[in-house]
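Keep in mind that this is a model prediction, so the values were computed, not measured. Lettering follows sequence order; numbering is per chain, from 1.
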Protein chains: 2
Amino acid sequence: MSAPQTTLSQRIRDEIEGLIRSGVWPPGHKAPSEAELMAQYGCSRMTVNKAMSALAEAGLIVRRRRAGSFVARPRVHSAVLDIPDIQAQVLARGETYAFVMLDEGRRAAESDEEAELARGQDLLVFRGLHVAAGRPFALEDRLIALAAVPEAADADFASEPPGAWLLHHVPWTEAENRISAVGAEPEAARLLALDEGAALLAVERRTWRAGEPVTWVRQLFPGEAYDLVARFGPAR
Amino acid sequence: MSAPQTTLSQRIRDEIEGLIRSGVWPPGHKAPSEAELMAQYGCSRMTVNKAMSALAEAGLIVRRRRAGSFVARPRVHSAVLDIPDIQAQVLARGETYAFVMLDEGRRAAESDEEAELARGQDLLVFRGLHVAAGRPFALEDRLIALAAVPEAADADFASEPPGAWLLHHVPWTEAENRISAVGAEPEAARLLALDEGAALLAVERRTWRAGEPVTWVRQLFPGEAYDLVARFGPAR
DNA sequence: CGCGCGAATATGTCTATACATATTGAACCC
DNA sequence: GGGTTCAATATGTATAGACATATTCGCGCG
């Protein structure tokens, strides 16, 4: 048994996908041309083309004739649950947006769950309030793993809130959303200017890049003020 | 300008996708072999193969050597928001499941929104309670468009609740979920055995098949008892 | 009658080649 | 200097042929 159980075009695709997902090829990076790849892998152009076309269809690269193939900017979202960038959403509705940082710090993990995220290093801890049109829109608690994103230690989260900063700097590869409804606790009610016990939409999200946990976030939205919309349709 | 702005393999793919999505080719239907298609379209096998491979990758067909290509059974869900079949979910957790039909009828549309769904014909109207492990799990209101699903008029919704029946009989092509948190109204609170004003997770879903509206449903879950989990990961 | 084996079939992948098309960059002319 | 043209480049699509591989069907043998 000599042949690997994967095909050549699949192998090319996987290797390049690995380079992209791991960040070795950052967004905007120019990939080798098909001619270069066919020399590198010793195969025909059709084989290379199949791999690259698949990557393009998957949205990982953007191809432009004559110019070449480039690693795509992290898709803000691949058409799935559209909740990542609250700032962009609010601005898209034509409302003013502000992020009020309530608390900001750096500490070690304090629970098993946090330890899984921290992976031996410190966590950045945030609590902030998203404000749309002058009214509280969402209360956010966030942890960022410095183990996964060391450059976050030097980021300026006054100019760009942590969620947006991450979205623009760290492409994620996996995410898990947990959505539920909860009654407002006293402090949350106060910060969101609601009555205690009011229905809140709670979105808890964990995000990974290439299997490595990056961030955990919990956002609380006033139930009446926010609808989460997810639309699934034909592929194109 | 003579050439259509779509390529041949894309056209083949689109036409076959249309046959599948419209239901002309039902699940399990055997598609023509590549040889037949290349005769039909007067092109080479590679061109046909590209179209069929793309359909296979998209999960619309299943291909088996020597046997042929077959229309895939409707994917219960393509790994997206996992909420369609409450019964299956409850049973998967090892709990008993029951659906209690509270109200069932047939009537004409009574609002503009309903008219859009009804398309000139009657609607089937349901209200029922999903019961898991003997406790209320979700309150469901549903409308089904007889214009889109005439066979629903003869279905036995005592043996299979409307949601599961639809899922097993009508593959959907587009869906829109709207998720929010609401306080329990008196009647909902009573039916779900909760206090008035308790936080409920509200899922409102509209579904289409090939552009034609099929059903509208609103499900109310006790906030503490239910988490909506959506996981997005690598394609394969 | 049942079982195994081989032939036929349909897909899976790859090669080599060809022509089309968008884009870029540079040469060229006014 | 500025705008136009043109050729080089890289991708997009398609062809025809080849070999590999999984699966099924049917035939023949015991």
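Looking at which nucleotide of DNA chain C each of A/L8 and B/G68 is closest to, the 5′-most match is held by B/G68.
One finds a side-chain N or O of A/T47 lying less than 4.0 angstrom from the OP1 or OP2 phosphate oxygen of C/dT15. At the phosphate of C/dT13, OP1 or OP2 sits under 4.0 Å from a side-chain N or O atom of A/K50. Considering only side-chain N and O atoms, B/S33 lies nowhere under 4.0 angstrom from the phosphate OP1 or OP2 of C/dT9. Note on B/R64: every side-chain N or O is 4.0 Å or more away from OP1 and OP2 of C/dT9. Side-chain N/O atoms of A/S9 include one lying less than 4.0 angstrom from OP1 or OP2 on C/dC14. In terms of phosphate contacts, A/R63 brings no side-chain nitrogen or oxygen within less than 4.0 Å of OP1 or OP2 of D/dA10.
The aromatic rings of B/Y97 and B/H130 lie tilted to each other, with the angle between the two planes from 30° to 60°.
Taking atom CD of residue B/Q10 and atom P of nucleotide D/dA14, one finds them 9 Å apart after rounding to whole Å. Between the CD1 atom of A/I12 and the P atom of C/dC14 there is a distance of 8 Å, given to the nearest Å. Here D/dT11 presents its P atom at 7 Å from NZ of A/K30, a figure rounded to the nearest Å. One atom, CE of B/M38, and another, C1' of D/dA16, lie 9 Å apart when rounded to the nearest Å. Summarising the geometry, the separation between CZ on A/R65 and C1' on C/dG25 is reported as 19 Å, rounded to the nearest angstrom. Computed from coordinates, the B/R13 CZ to D/dA14 C1' distance equals 18 Å when rounded to whole Å. Atom CZ of B/F70 is separated from atom P of C/dA10 by 10 Å (rounded to the nearest Å). Between B/L55 atom CG and C/dT11 atom P the separation is 13 Å, expressed in whole Å.
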### Message
What verdict does the salt bridge (charged side-chain N to carboxylate O under 4.0 Å, His left out) test give for B/R218 and B/E113, after you've listed the backbone C-alpha separation in whole Å, the side-chain angles of each residue and the deciding distance to 0.1 Å?
### Response
CA-CA 14 Å; B/R218 179 187 171 93; B/E113 280 204 344; over 6 Å; no
#### Entry: Check against side-chain contact (heavy atoms from CB on, under 4.5 Å), A/K50 and A/I12
CA-CA 9 Å; A/K50 188 177 178 188; A/I12 298 175; over 6 Å; no
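The side chain of B/T7 lies closest to D/dA14 when the candidates are C/dT11, D/dA14, C/dC14. Distance from the side chain of A/M46 is smallest for D/dA14 among the nucleotides D/dG12, D/dA14, C/dT11. Among the nucleotides C/dG12, D/dT13, D/dT11, the one closest to the side chain of A/E34 is D/dT11. Minimum atom distance to the side chain of B/R45 is reached by C/dT11, of the listed D/dA10, D/dA16, C/dT11.
Put simply, CG on A/L201 and CD1 on A/I179 are 7.0 Å apart, with the number rounded to the nearest 0.5 Å. In this structure, the separation between CZ on A/R205 and CH2 on A/W216 is 11.5 Å, given to the nearest 0.5 Å. Separating the CD1 atom in B/I61 from the CD1 atom in B/I16 is a distance of 7.0 Å, to the nearest 0.5 Å. In this structure, A/L117 CG and A/T215 OG1 are separated by 6.5 Å, a value rounded to the nearest 0.5 Å.
A salt bridge (charged side-chain N to carboxylate O under 4.0 Å, His left out) check over residues 24-35 of chain B, counting only residues at least two apart or in different chains, returns the pairs B/E34-B/R45, B/E34-B/R63.
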### Summary of protein contacts for nucleotides 3-8 of chain D, nucleotide by nucleotide, where a base hit scores B, a sugar-phosphate-only hit scores S (4.0 Å, heavy atoms)
-----B
